[in-house]
Amino acid sequence: MRFVYHYPEATGSERDLLDAGPLDEVAAAVERAGFHGFSLSEHPVPSARWLASGGHQSLDPFVALAHVAAVTRRLRLHTNLVVAPYRNPFLLAKAAATLDRLSKGRLVLGLGAGYLKSEFHALGVDFEERGALFDEVLDVLPLHWSGEPFSYRGRHFEARDVVALPRPVQRPVPVWIGGNSRAARRRVAERAQGWMPLIGPPSLSATVRTPTIGSLTELADMIAGVRDAAKAAGRSDEIDVQYSYKDLSPASPAHDADRHREALAEIERAGVTTVVVSSPGAATPTATREFIEVFGSTYL
């Protein structure tokens, strides 16, 4: 099982997102500690009301992960996640291909349908079209990355005999899809390399507009279902599954380490291949660095 460190997210507007430490220094520490990957999320223009009620800030994930790529050598670069309908598919594909090329093939492109209506409105994207727009993105990505001429007609655009170069290093760039809905799981089984389910209480699922997965047993059944559907679709590759592990003490992740090791082993037995951890309570560079170092020496 692999471990990804998610850069701590600052909630509200009083703190600065980078209070947790300079991005380049944190990323270098994550690589030294033995993590497999480094992830960032996306909220380009959240409402003030959402931030005030517990929403979090974000950097532009492509720009920031390019910065991370420049100061690391092996870390996988995860978008966790990019809201696919926010962008024209060609611009999304180009940003992803550029990052993959510059990082020598380290991008994992996590995508989601999105849930903040106010953000959709601010970006001029129809919230009710998000599912159809997501499917268009999944259509366009392999065409764009192929390096071959193609044509495609979407709901709001038409490309005629276009070609995108240079191609990304990875063929394909791994696409991981977030969400618990049947549509999300269908997209994973048919068109993606990974699934990013959301585990949490019904209140969290209501906020992000996705069905609840309340237990590890339920998740294991869903993972098996996704992988069976992928095989039924004629696929032989293994579907990666991500799990966000939030039970660690921000002050000391080594506290109660045996219990955490057993919990992580159960998560792996459920079919998870990648665990994401973070230190949301780490408001200083020192606290962030200590969390990373202790986690690495204890679990990696």
Could you check whether [Y] and [X], counting side-chain N and O atoms only, form a donor-acceptor pair closer than 3.5 Å?
X      : Y      : result
Thr72  : Arg106 : yes
Glu119 : His43  : yes
Gln57  : Asp16  : no

Kindly say whether [Y] contributes a backbone atom to a donor-acceptor pair with the side chain of [X] at under 3.5 angstrom?
X      : Y      : result
Ser151 : Asp161 : yes
Arg101 : Arg167 : yes
Glu136 : Arg155 : yes
Asp19  : Thr284 : no
Thr273 : Val241 : yes

With a 4.0 Å cut-off on N to O distance, would you call [X] and [Y] a salt bridge?
X      : Y      : result
Glu9   : Arg15  : no
Glu238 : Arg227 : yes
Arg73  : Glu31  : no
Glu42  : Arg87  : yes

Separation between [atom1] of [X] and [atom2] of [Y], rounded to the nearest 0.5 Å:
X      : Y      : atom1 : atom2 : result
Thr288 : Leu18  : OG1   : CG    : 10.5 Å
Ile177 : Leu109 : CD1   : CG    : 9.5 Å
Leu23  : Leu40  : CG    : CG    : 6.0 Å
Arg153 : Asp139 : CZ    : CG    : 15.0 Å
Leu99  : Lys94  : CG    : NZ    : 13.0 Å
His6   : Ser41  : NE2   : OG    : 4.0 Å

Margin query: Show, in sequence, the C-alpha distance, side-chain angles and deciding distance for Arg269 and Glu262, and conclude whether the salt bridge (charged side-chain N to carboxylate O under 4.0 Å, His left out) test is met.
Written below: CA-CA 10 Å; Arg269 287 192 289 270; Glu262 178 54 34; 2.9 Å; yes

Is any side-chain heavy atom of [Y] closer than 4.5 Å to one of [X]?
X      : Y      : value
Ser39  : Arg76  : no
Val125 : Arg130 : no
Ile199 : Lys246 : no
His36  : Leu75  : no
Asn88  : Val140 : no
Asp24  : His67  : yes
Phe157 : Pro89  : yes
Tyr115 : Phe120 : no

Check: So His78 and Trp176, would you call those rings parallel, tilted or perpendicular, with 30° and 60° as cut-offs?
Finding: perpendicular

Next item on the list: Measure the acute angle between the ring planes of Phe38 and Tyr5, then classify it against the limits of 30° and 60° as parallel, tilted or perpendicular.
Entry: tilted

Do you reckon [X] sits in the same ILVMFWY cluster as [Y], going by side-chain contacts under 4.5 Å, direct or chained?
X      : Y      : result
Phe134 : Trp145 : yes
Tyr7   : Leu300 : yes
Leu198 : Val4   : no
Leu248 : Leu216 : yes
Met222 : Met1   : yes

Item checked: Set of side-chain contact (heavy atoms from CB on, under 4.5 Å) partners for Ala263, sequence neighbours left out -> Tyr245

Item checked: Evaluation steps, ring-ring contact (aromatic ring centres under 6.0 Å, His included), between Phe35 and Phe295 -> CA-CA 9 Å; Phe35 282 87; Phe295 186 92; 5.3 Å; yes

Nearest atoms (heavy-atom pairs only) where [X] meets [Y]:
X      : Y      : answer
His144 : Phe90  : NE2-O, 3.6 Å
Arg235 : Val188 : NH1-O, 3.0 Å
Ala27  : Val68  : CB-CG1, 3.7 Å

Next item on the list: Tell me, yes or no, whether the heavy-atom count around Arg74 atom CZ, taken from other residues, nucleotides or ligands under 6.0 Å, exceeds 12.
Entry: yes

Margin query: Could you go through Asp258 and Arg261, starting from their C-alpha distance and side-chain angles, then the distance that decides it, and tell me whether this counts as side-chain contact (heavy atoms from CB on, under 4.5 Å)?
Written below: CA-CA 5 Å; Asp258 288 342; Arg261 289 191 185 99; 3.0 Å; yes

Next item on the list: Show your reasoning for whether side-chain contact (heavy atoms from CB on, under 4.5 Å) applies to Arg191 and Val175.
Entry: CA-CA 8 Å; Arg191 314 180 72 174; Val175 172; over 6 Å; no

